[in-house]
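Lettering of chains follows the sequences in order, A, B, ..., and the numbering in each one begins at 1. No hydrogens, no waters, no symmetry mates; every other heavy atom, side chains included, goes into these values.
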Amino acid sequence: MSSSTEPSTATKVSEPAPIASEEKPKPCCACPETKQARDACMLQSSNGPIECAKLIEAHKKCMAQYGYEV
Amino acid sequence: MISIRALLLAAATSVGLYAYFQHEKKKVLERQNDKVLATIGRPQLGGAFSLIDHHGNRVTDNDFKGKFSLIYFGFTRCPDICPDELDKMSAAIDIVNNVVGDVVYPIFITCDPARDPPQEMAEYLEDFNPKIVGLTGSYEEIKDICKKFRVYFSTPKNIDPKKDDYLVDHSVFFYLMDPEGKFIEVFGRNSTSEDLARAIGSYYLSRKKQK
């Protein structure tokens, strides 16, 4: 896409979503699978940020598809 | 509005749960053995902390000894999950108080200390059960307790808390701690207020039998 994401904007500019869906889900419900996997991994791991790095990144990528930066 | 709904739910559920607890008493001793086995493999969550409550007072983990604790991590600008989960917590606490007694501290800890000073926390919690204690602190203090509970939280890079409207991503769990502050159990999003209340009541009755 030509437009770059601007994290500093107060109100998020609506971007054409890569996923073919007119209605964008709320942040809470956008990516339940990747979120649950990451949270469960963090809960079970004593060194979560490192051991769960792939799952953390997977969730970030999923959220980014909907235009959410987390 | 929210509190009325929580109260109605609490009243309706209390009667049923009371009967359940009567039944539960008979099985407490039997469950003791199960619990010993269940303890193996449980993550060691929790630990010492020093934070600021929503009245502006410095509190530590010692202030929450003597009763169970039910802990949730969120933030006041959380759009959807946190209000739902705090409604669930509010209802669960009402059920427990009605059926068993005032045996649990409900605690809400923010993952967004930059925008959640005590005043913001106090204002936010007005919509929920008045027994809920809001905890905030410095960024380092919040980071420390999130690590101890293995809560994932992150904010986008290069944001200005004063003017940017940003999301805080965080784990969604309830943590149940015993009166000595030791971790008992964790509940995910699919648990209901009745699940929470039932667990607290069961563990409370179990401890009562031991003494």
Inset, instruction - For the pair A:Asp39 and B:Arg150, find out whether any cationic side-chain nitrogen is under 4.0 Å from an anionic carboxylate oxygen. - result: no
Inset, instruction - Give a yes or no on whether a salt bridge exists between A:Lys60 and B:Asp169, defined as a side-chain N under 4.0 angstrom from a carboxylate O. - result: no
Would you indicate whether [X], at its atom [atom1], is surrounded by more than 12 heavy atoms from other residues, nucleotides or ligands within a distance under 6.0 Å?
X	atom1	result
B:Lys131	NZ	no
B:Glu123	CD	no
B:Lys148	NZ	yes
B:Lys65	NZ	yes

Inset, instruction - Using non-hydrogen atoms and a 4.5 Å limit, figure out which bit of A:Ser46 sits close to chain B: side chain, backbone, both or neither. - result: both
Gap between atom [atom2] of [Y] and atom [atom1] of [X] - 0.5 Å precision:
X	Y	atom1	atom2	answer
A:Cys52	B:Tyr152	SG	OH	10.0 Å
A:Glu69	B:Tyr166	CD	OH	12.5 Å
B:Tyr175	A:Leu43	OH	CG	5.5 Å
B:Asn190	A:Gln36	CG	CD	7.5 Å

Inset, instruction - Output yes when a side-chain donor or acceptor of A:Lys35 lies under 3.5 Å from a complementary backbone atom of B:His170, and no otherwise. - result: yes
Inset, instruction - Using non-hydrogen atoms and a 4.5 Å limit, figure out which bit of B:Val168 sits close to chain A: side chain, backbone, both or neither. - result: neither
Legend entry - Part of B:Phe149 within contact of chain A (heavy atom distance under 4.5 Å): backbone
